[in-house]
Asker: 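Mind having a look at this structure? Questions to follow.
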Amino acid sequence: MFSWDCETTGVDLRHGCKPYYVTYTDESGTKFLEWGVNPIDRQPIIPDEDIDFLKGLINNEVTRVGHNARFDVLCLESIGVTNLESFPWLSLRDTLLAGHLVNSGSPLNLTDQVMLYLGVDISPYEDKLEKACKSARDYCRRHLPKWRIAKKGLPEMPSAGEEDWKADGWLLRALAYHHWETQEREDFNPDKEYPHEYYTLLSDYANADSYYTLQLWGALWGEIQRRGLEAVYYERLKILPILYRMERDGLTLSSSEVSRVLEEFSEEEDRCTKVCINIAKSYNHDLVMPAGSSVNQSLKELVFDKMGLEGRPGKKAKTDVPSLDKDALDRYSRSCTGKPLMFVNSLLKKRHAAKMIGDISTYNRFWHEEGCVHRLHPNINPTGTTTLRCSCRNPNLQNIKKKGDGGESVKSLFRPGPDREFWSLDGKNLELRIPSFFAPEPELVEVFNHPDQGPYYGSYHLVVFDALYPELFHKHGKNCKDLYEATYYQWVKNGNFAIIYGAQEETADSTYRVRGAYQRVRDRFPNIARLSDQIITLANKQGYVSTIPDIEVDPERGYPLMCSRSDYGRISPTIPLNYFVQGTACWWKLRALVKVDELLRQWREDDGFSGFINLELHDEVILDFPKVGDPRVDPDNSNLWRIKKIQEAMESCGTAIGIPTPTSIEYHPDTWAVGINF
DNA sequence: TAACTGGGCGCC
DNA sequence: AGGGCGCCCAGTTA
């Protein structure tokens, strides 16, 4: 068993950042390889024999321990040591995955985990390095302007912005050598505290990392064994190569659509900004328009003081400062006319345009150009949430606006490349089904199992609609869905999701817009109400909730999700059912990804089929396939049979947790924003 | 300057 | 006591 860790010139390995230091620890101790970095272009200078040596090292060992090992595998790939297909993924022992499994609610960085499980404080290594790096960076800014210090705006590091100093660990040794070679400054002493340690500070820090990563693995695995969670760990491990592949393949945007939309919306933003400024002038106010959707003093002063609109706090606000969010602006606009009304409407339009432009600019920092498309490779983090959801960043592709306000959406820019097509598969009503079948709630089980039968036709929302508006439902039946699409039916949906998200009585009633709705829903679904109560009690007793056990993995144990406690030691009643549902849904999705990936790999071997997974959206999977034929014209000469296989595989994951999980199929030949149901 | 906080907004 | 995220901006604090 050995552990390894790479230090890099930044996290953006697909944009030119590279490892310059590899540390590894095994039974015989801790060793390392260190390479000089050219300060002008930030590229490490790596001897061929070191690459060969690393190849041997990686291939010889049986188990490999890493902290967020997927990143370190990508490091090795970026310098030609290994690659996706040949790396022995299932031999990995990852202290990030293990740490989340053992305690999903605690900080997972190495320093915190080593403190928690080994009682050792390694923060002094990092603190010393941070201090020295910052001094070195200051020194370079003053005396060596040609040296390429990490900062926002460098094309090779689009993620720069936070903790930039971490990308400049190489700088200490580079500066020390530079001084030794040139002796150009007598007073060379950028850091008064550590002037003579520039050769070794990075090394001390990095070597401690690989050493303690190995120790930490031992502690975590002991805990996993004690709690009998080995099978759950091994199942989770399967996700790493899938995410690695997903990040590599990424998601494409149409470059011509991007240019067109950018131009149109820039004009729109300018126009609306001018309207706002002119209206402000008529109030004797020189409005300084805030960027994007943000709010500044100038805007507040105009709206609340000079126009005299009555401010109200926002729904989710932590303070009682008057809100200027979309919801608040909508409310204000209903109570005003004339210039204030025109102002509010222009401000909303300006924000809409600015949001679109802002999203595209963020993508622009990250994308790679490939002919007529741009390709994004986001970072997907399987331990990025306190539930089992993955988080996504650089850029985040899990919050792409679906529909424009009457206009275009960012989603419409995401288009398949030439001779490609998108498909998406979505677990239908997954989060509503989980408590319904698990409780179980016989009425809802019946409804979900018979989507063709009246009066509810498989719709959870219609059942609640009936409970809250019995007269209307008696009169119109399932037509209520269309008749009250924007009003009662929408409010019912909002309320249902609010409850899934943990809303308590007051919030639920106000979301449903019906007094007493919360209690009526509880009365209608007594078993779900009881499940919620029981799971809150259990969570307070044991500190966590478990997802539904999967009979194909471990019929006894699900994935434990820690519930955070307030200062008084109680768990918020909003949390337990939500974690249970959200976590179980994502367990389903993780297993679905494993099965989908298995099919895709099989097809690749069978006939070279090049289909891949672009993205996962918690209960949904997006696929990028080669265009074969239009399934609407000739289903037999299309990818439809493959998609049906994938659908079958995903649905089978529901069986293993006792929840029927019908999965819908959408075909996107043109753009992700438009889907054709199959 | 850099780090932090809150507001705003998008998704499931 | 409405769950889980990431990103940008403005304004304050160290």
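Since this is a predicted model, take the numbers as computed values, not measurements. Labels below follow one simple rule: chain letters A, B, ... track the order of the sequence lines, proteins then strands, and each chain is numbered from 1.
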Asker: Need one value for A/Cys390: base, sugar-phosphate or nothing, where a base atom within 4.0 Å counts as base even if backbone is also close, heavy atoms only.
Answerer: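 Result for A/Cys390 = nothing.
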Asker: Taking any heavy-atom pair under 4.0 Å as a contact, classify A/Asp359: base, sugar-phosphate, or nothing.
Answerer: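 Contact class for A/Asp359: none.
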Asker: Checking all strands, does A/Arg365 fall into the base, sugar-phosphate, or nothing category for heavy-atom contacts under 4.0 angstrom?
Answerer: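 Sugar-phosphate, backbone atoms only, no base.
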Asker: What nucleic acid atoms does A/Tyr579 come within less than 4.0 Å of, heavy atoms only: base, sugar-phosphate, or nothing?
Answerer: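 If one applies the 4.0 Å heavy-atom cut-off, A/Tyr579 turns out to touch the sugar-phosphate alone, with no base involved.
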Asker: Whole angstroms only, please: what is the CG-P distance between A/Asn540 and C/dA1?
Answerer: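 In whole Å, C/dA1 P lies 15 Å from A/Asn540 CG.
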Asker: Does B/dG7 have a Watson-Crick or wobble mate here (both distances under 3.5 Å), and if so which one?
Answerer: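 C/dC8 - that is the nucleotide pairing with B/dG7, both distances being under 3.5 Å.
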Asker: Looking at C/dG2, C/dG4, B/dA3, which one has an atom nearest to any side-chain atom of A/Thr386?
Answerer: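 Given the options C/dG2, C/dG4, B/dA3, the side chain of A/Thr386 is closest to C/dG4.
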Asker: Rounded to whole angstroms, how far apart are NZ on A/Lys355 and P on C/dG6?
Answerer: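 It is 14 Å, rounded to the nearest whole Å.
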Asker: Are A/Tyr579 and A/Met562 packed together at the side-chain level, in the sense that at least one heavy-atom pair is separated by less than 4.5 angstrom?
Answerer: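 With C-beta onward as the side chain, the pair stays apart.
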Asker: So what does A/Arg141 touch, heavy atoms closer than 4.0 Å: a base, only the sugar-phosphate, or nothing?
Answerer: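 The answer is sugar-phosphate, as A/Arg141 gets under 4.0 Å only of primed atoms, P, OP1 or OP2.
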Asker: Give A/Leu324 one of three labels, base, sugar-phosphate or nothing, depending on what nucleic acid heavy atoms sit under 4.0 Å from its own.
Answerer: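 Sugar-phosphate, no base atom in range.
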Asker: Rounded to the nearest angstrom, tell me the gap between atom CG in A/Asp325 and atom C1' in C/dA10.
Answerer: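 Result: 16 Å.
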Asker: Contact class for A/Gln398 (heavy atom, under 4.0 Å): base, sugar-phosphate, or nothing?
Answerer: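 Answer is base: heavy atoms of A/Gln398 come under 4.0 Å of a base.
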Asker: Counting any heavy atom closer than 4.0 Å, what does A/Val321 reach on the DNA or RNA strands: base, sugar-phosphate only, or nothing?
Answerer: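 A/Val321: backbone/sugar contact only, no base atoms under 4.0 Å.
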Asker: Tell me the interatomic distance from A/Asp327, atom CG, to B/dG7, atom P, rounded to whole angstroms.
Answerer: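 Rounded to the whole Å, the gap is 15 Å.
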Asker: Once you round it to whole Å, what is the distance between C1' of C/dG4 and CG of A/Leu388?
Answerer: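 About 12 Å, once rounded to whole Å.
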Asker: Has A/Asn394 got a side-chain N or O lying under 4.0 Å from the OP1 or OP2 atom of C/dC7?
Answerer: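 Result: yes.
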Asker: Using a 5.5 Å cut-off between ring centres and planes within 30 degrees, is A/Tyr501 stacked on the base of C/dG3?
Answerer: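 Ring-base stacking flag set for A/Tyr501 and C/dG3.
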Asker: Identify which one of A/Arg148, A/His15, A/Arg14 satisfies the side-chain hydrogen bond (donor to acceptor under 3.5 Å, both in side chains) criterion when paired with A/Glu156.
Answerer: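 Of all the options given, the one that passes is A/Arg148.
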Asker: Would you classify A/Ser391 as touching base, sugar-phosphate or nothing, given that sugar-phosphate means primed atoms plus P, OP1 and OP2, and contacts are heavy atoms under 4.0 Å?
Answerer: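 Sugar-phosphate contact only.
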Asker: Of all the choices, B/dC12, C/dG6, B/dG8, which nucleotide is nearest to the side chain of A/Arg393 once you look at every atom?
Answerer: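 Taking heavy atoms from C-beta onward, the closest nucleotide is C/dG6.
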Asker: Taking only side-chain nitrogens and oxygens of A/Lys411, does any of them come within less than 4.0 Å of OP1 or OP2 of B/dC11?
Answerer: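 For A/Lys411, the contact criterion (side-chain N or O under 4.0 Å from OP1 or OP2 of B/dC11) is not met.
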Asker: Between atom NZ in A/Lys300 and atom C1' in B/dG7, what is the gap in whole Å?
Answerer: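 So the two atoms are 8 Å apart, to the nearest Å.
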Asker: Which of these nucleotides, B/dC11, C/dC5, C/dA1, is closest to any side-chain atom of A/Asn396?
Answerer: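 Given the options B/dC11, C/dC5, C/dA1, the side chain of A/Asn396 is closest to C/dC5.
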Asker: By the 4.0 Å heavy-atom rule, please label A/Thr511 as base, sugar-phosphate, or nothing.
Answerer: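 Base contact.
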Asker: Any heavy-atom pair between the side chains of A/Thr252 and A/Arg415 that's under 4.5 Å?
Answerer: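 Result no, sub-4.5 Å side-chain heavy-atom pair not found.
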Asker: Are any of A/Thr574's side-chain N or O atoms less than 4.0 Å away from OP1 or OP2 of C/dA1?
Answerer: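 A/Thr574 to C/dA1 OP1/OP2: no side-chain N or O under 4.0 Å.
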Asker: Measure the shortest side-chain to side-chain distance between A/Phe438 and A/Val581 over non-hydrogen atoms and say whether it is less than 4.5 angstrom.
Answerer: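 The answer is no, as the side chains (C-beta and beyond) never meet within the 4.5 Å cut-off.
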Asker: Let's see if you can work this out: which of B/dG8, C/dC7, C/dG3 has an atom nearest to the side-chain heavy atoms of A/Arg389?
Answerer: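 That would be C/dG3.
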Asker: I need the minimum non-hydrogen distance between A/Phe422 and A/Asn614, along with the two atoms involved.
Answerer: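 Result for this residue pair: CE2-ND2, 4.0 Å.
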Asker: Taking all non-hydrogen atoms of both residues, which atom of A/Arg351 and which atom of A/Gly292 are closest, and how far apart?
Answerer: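 It is CG-O, 4.0 Å.
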Asker: Looking at B/dG10, does its base get a donor-acceptor pair with the side chain of A/Asn399 below 3.5 Å?
Answerer: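 Under the 3.5 Å cut-off, the side chain and the base do form a donor-acceptor pair.
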Asker: Is the shortest side-chain N/O distance from A/Ser566 to OP1 or OP2 of C/dA1 below 4.0 Å?
Answerer: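 For C/dA1, neither OP1 nor OP2 has a side-chain N or O of A/Ser566 closer than 4.0 Å.
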Asker: Phosphate oxygens OP1/OP2 of B/dG8: is one of them under 4.0 Å from a side-chain N or O of A/Ser323?
Answerer: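 Indeed, a polar side-chain atom of A/Ser323 lies that close.
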Asker: Please state whether the rings of A/Phe304 and A/Tyr332 are parallel, tilted or perpendicular, taking 30° and 60° as the class boundaries.
Answerer: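 Correct class here is perpendicular.
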Asker: NA contact type, A/Ala291, heavy-atom cut-off 4.0 Å: base, sugar-phosphate, or nothing?
Answerer: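 Touches sugar-phosphate only.
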Asker: Rounded to whole Å, how long is the line connecting atom CG of A/Leu430 with atom P of B/dC11?
Answerer: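 My rounded result for the distance is 19 Å.
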Asker: What is the nucleic acid contact for A/Glu506, judged by heavy atoms within less than 4.0 Å: base, sugar-phosphate only, or nothing?
Answerer: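 A/Glu506: no heavy atom of the nucleic acid under 4.0 Å.
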Asker: Please determine whether a side-chain nitrogen or oxygen atom of A/Lys134 lies at a distance below 4.0 Å from atom OP1 or OP2 of B/dA3.
Answerer: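 Result: yes.
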Asker: How close or far is atom C1' of B/dG7 from atom CZ of A/Phe304, stated in whole angstroms?
Answerer: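 Spelled out: CZ on A/Phe304 to C1' on B/dG7 is 12 Å.
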